[in-house]
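What follows is one structure encoded as structure tokens, with my remarks underneath.
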Amino acid sequence: MRNKRVLVTGGTGFIGSNLANRLAADNEVTVVDNGYLGTEENVGPGVRCLRRDVLEADLPTDVDVVFHLAARSSYAMHEEDPTAGARINVDGFVNTVEQAREQGCDTVVYASTSSIYGSRTEPCPEDMPVTVNTGYEASKLSRERYAEYFSNHYGLSMAGMRFFSVYQGYGGAEEHKGEYANVIAQFADDVAHGRPPKLYGDGAQTRDFTHVDDVVAAMIAAAEHELDGVYNVGTGEAHSFNTVVDLLNRALDADVDPEYVENPIPEHVYVSDTCADASKLREATEWEPAVDFESGIDRVCEPYLSSERSSPSS
């Protein structure tokens with residue numbers, strides 16, 4: 001994508017800042033973020049950064065493309081205040097898209113979620129039946145229905161991206177999020193500092209871990225192709241939490257055993273296993289994940305190894 005005016009909501013957060021920084025090299029990029037989890041330190045000097053909320057009027061939506069990532073982006077975050085979560089995730093989405101439509105923008109790429117598939121070890125296609133067990137999932141499915149409305153009624157290109165377990169290390173844009181950071185970043189920091197990572201249950205749950213660089217590439221491809229509908233963004237491979245800890249120990253030359261703890265999330269809403277069928281996105285754009293899992297783990301661990309190499313010997 002080149003020479004476009006772009007708005008990224010939630011643009012100082014984890015995925016949003018990675019996207020904004022990638023786009024800023026060749027486009028005019030504005031991000032809006034209310035600072036709930038994002039920090040302006042995540043974005044580079046080529047990005048115009050505004051402390052705004054997606055529920056406000058007069059957002060800077062006079063652009064060519066909107067990437068809407070602003071959200072309470074997990075079950076735990078949404079449950080802190082379900083009413084506020086619904087307002088931000090649903091009303092904030094409708095408010096942003098409606099302002100963009102009125103300003104003449106007809107291309108929107110937005111964050112949905114893979115959580116609506118529930119627990120599945122087989123790859124999930126977009127057309128399989130989905131269910132809603134949490135307010136977070138309800139809010140994201142509501143986005144998809146409103147996107148369908150904007151597409152059918154107004155002819156907008158509305159690409160909903162069902163992300164699968166996006167990760168990067170604390171060397172990226174996640175450290176400030178603490179308990180809300182992706183689990184690989186949290187586990188890596190624990191292992192690097194000799195702390196036992198806390199794994200829910202027996203650690204056998206699996207995730208389709210997808211590196212943020214691949215997620216950013218998928219969103220850009222969706223915008224370039226003006227996709228409409230919903231698309232999975234994942235690798236099609238799943239790895240257990242136990243495997244993650246083993247690979248982190250290997251990459252960091254460590255030997256830290258995990259601590260198995262009781263899962264604080266109710267069993268009937270906890271998603272134990274995820275795996276994406278991303279063939280629809282691949283066929284529409286030729287997108288392919290470029291970061292294999294072991295290479296991604298190496299990227300997460302590299303800042304800790306670099307720090308060790310640069311430390312003066314005792």
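Positions are given from 1 along the sequence. As the structure is a prediction and not an experimental result, all values here were calculated from the model.
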- Taking it one step at a time, do Tyr170 and Gln186 satisfy side-chain hydrogen bond (donor to acceptor under 3.5 Å, both in side chains)? CA-CA 8 Å; Tyr170 280 168; Gln186 294 188 55; 5.2 Å; no
- Task: With side-chain hydrogen bond (donor to acceptor under 3.5 Å, both in side chains) as the test, would you mind laying out the steps for Tyr136 and Asn89 before giving the verdict?
- Result: CA-CA 8 Å; Tyr136 167 68; Asn89 286 10; over 6 Å; no
- Message: Between Thr243 and Ser240, is the side-chain hydrogen bond (donor to acceptor under 3.5 Å, both in side chains) condition met? List the steps.
- Response: CA-CA 5 Å; Thr243 297; Ser240 73; 3.0 Å; yes
- Message: Between Glu98 and Arg101, is the salt bridge (charged side-chain N to carboxylate O under 4.0 Å, His left out) condition met? List the steps.
- Response: CA-CA 5 Å; Glu98 178 61 15; Arg101 182 190 68 80; 2.6 Å; yes
- Start with the C-alpha gap between Val63 and Thr30, add the side-chain angles, then the distance that decides, and say whether side-chain contact (heavy atoms from CB on, under 4.5 Å) holds. CA-CA 9 Å; Val63 294; Thr30 299; 5.9 Å; no
- For Tyr304 and Val191, what are the C-alpha separation, side-chain angles and deciding distance, and is it a side-chain contact (heavy atoms from CB on, under 4.5 Å)? CA-CA 10 Å; Tyr304 299 106; Val191 171; over 6 Å; no
- Under the side-chain contact (heavy atoms from CB on, under 4.5 Å) rule, what do Thr107 and Leu156 come out as? Steps first, then yes or no, please. CA-CA 6 Å; Thr107 303; Leu156 273 62; over 6 Å; no
- Message: Cys124 vs Asp277, test: side-chain contact (heavy atoms from CB on, under 4.5 Å). Steps then yes/no.
- Response: CA-CA 5 Å; Cys124 300; Asp277 177 351; 5.6 Å; no
- Query: Passes side-chain hydrogen bond (donor to acceptor under 3.5 Å, both in side chains), Thr235 versus Asp208? Steps please.
  - Reply: CA-CA 6 Å; Thr235 68; Asp208 187 332; 2.6 Å; yes
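Atoms CD and CG, from Gln103 and Asp64 in turn, are 12.0 Å apart once rounded to the nearest 0.5 Å. Here the OG atom belonging to Ser119 is positioned 9.5 Å from the CD atom belonging to Glu267, to the nearest 0.5 angstrom. Atoms SG and CG, from Cys301 and Asn249 in turn, are 9.0 Å apart once rounded to the nearest 0.5 Å. From His225, atom NE2 reaches atom CG of Leu281 across 9.5 Å, with rounding to the nearest 0.5 Å.
In this structure, the side chain of Asn42 engages the main chain of Thr12 through a donor-acceptor pair within 3.5 Å. Between the side chain of Trp287 and the backbone N or O of Asp214, at least one donor-acceptor pair lies under 3.5 Å. For the pair Thr134 (side chain) and Glu137 (backbone), a donor-acceptor distance under 3.5 Å is present. Not a single donor-acceptor pair under 3.5 Å links the side chain of Asp53 to the backbone N or O of Glu56. A donor-acceptor distance shorter than 3.5 angstrom exists from the side chain of Asn27 to the backbone of Met1, with no hydrogens or angles considered. Without hydrogens or angle criteria, Thr285 side chain to Arg282 main chain gives no donor-acceptor distance under 3.5 Å.
Here the closest non-hydrogen pair linking Ala188 and Leu252 is O-CD1, 3.9 Å. The shortest non-hydrogen separation linking Val233 to Ala218 is CG1-CB, 3.8 Å. Heavy-atom minimum distance, Ala71 versus Arg143: CB-NH2, 3.5 Å. Heavy atoms only, all atoms of each residue included: Val65 and Ala223 are closest at CG1-CB, 4.0 Å.
In the hydrophobic cluster analysis, where Ile, Leu, Val, Met, Phe, Trp and Tyr join through side-chain heavy atoms closer than 4.5 angstrom, Val212 is grouped together with Val6. Taken together through direct or relayed side-chain contacts under 4.5 Å among Ile, Leu, Val, Met, Phe, Trp and Tyr, Tyr146 and Val66 form part of one hydrophobic cluster. Under the 4.5 Å side-chain heavy-atom criterion for grouping Ile, Leu, Val, Met, Phe, Trp and Tyr, Tyr167 is connected to Leu247 within one hydrophobic cluster. Val215 and Phe164 end up in different hydrophobic clusters when Ile, Leu, Val, Met, Phe, Trp and Tyr side chains are linked at under 4.5 Å. Taken together through direct or relayed side-chain contacts under 4.5 Å among Ile, Leu, Val, Met, Phe, Trp and Tyr, Phe163 and Val8 form part of one hydrophobic cluster.
For Phe293, the CZ atom counts as densely surrounded, since its 6.0 Å shell holds more than 12 non-hydrogen atoms of other residues, nucleotides or ligands. Around the CZ atom of Arg87, the shell of radius 6.0 Å holds no more than 12 heavy atoms that belong to other residues, nucleotides or ligands. Around NZ of Lys4, the count of heavy atoms belonging to other residues, nucleotides or ligands within 6.0 Å does not exceed 12. Counted within 6.0 Å of CD on Glu259, heavy atoms from surrounding residues, nucleotides or ligands total more than 12; the atom is thus considered enclosed. With a 6.0 Å radius and a threshold of 12 heavy atoms from other residues, nucleotides or ligands, Arg52 has its CZ atom above the threshold. Within a 6.0 Å radius of CD in Glu286, no more than 12 heavy atoms belonging to other residues, nucleotides or ligands are found. The local environment of CD in Glu224 is crowded, with over 12 non-hydrogen atoms from other residues, nucleotides or ligands closer than 6.0 Å.
Separation of the Tyr149 and Tyr154 ring centroids falls under the 6.0 Å cut-off. A ring-centre distance under 6.0 Å is not found for His239 and Phe209.
With 3.5 Å as the limit, one finds a donor-acceptor pair spanning the side chains of Gln168 and Asn18. Inspection of the Gln99 and Asn95 side chains reveals an N or O donor paired with an N or O acceptor under 3.5 Å.
Taking the centre and axis of the six-membered ring of Phe187, the NZ or CZ atom of Arg250 falls outside the cone set by 45° and 6.0 Å.
Using cut-offs of 30° and 60° on the angle between ring planes, the pair Phe93 and Tyr110 is tilted.
Taking 4.0 Å as the cut-off between side-chain N and carboxylate O, Glu144 and Arg162 count as a salt-bridged pair. Classification of Glu302 and Arg299 as a salt-bridged pair fails, no side-chain N sitting under 4.0 Å from a carboxylate O. Here Arg51 does not pair with Asp33 in a salt bridge; the nearest charged N to carboxylate O distance is not below 4.0 Å.
Judged as a salt bridge (charged side-chain N to carboxylate O under 4.0 Å, His left out), and not counting sequence neighbours, the contacts of Arg195 are Asp189, Asp190.
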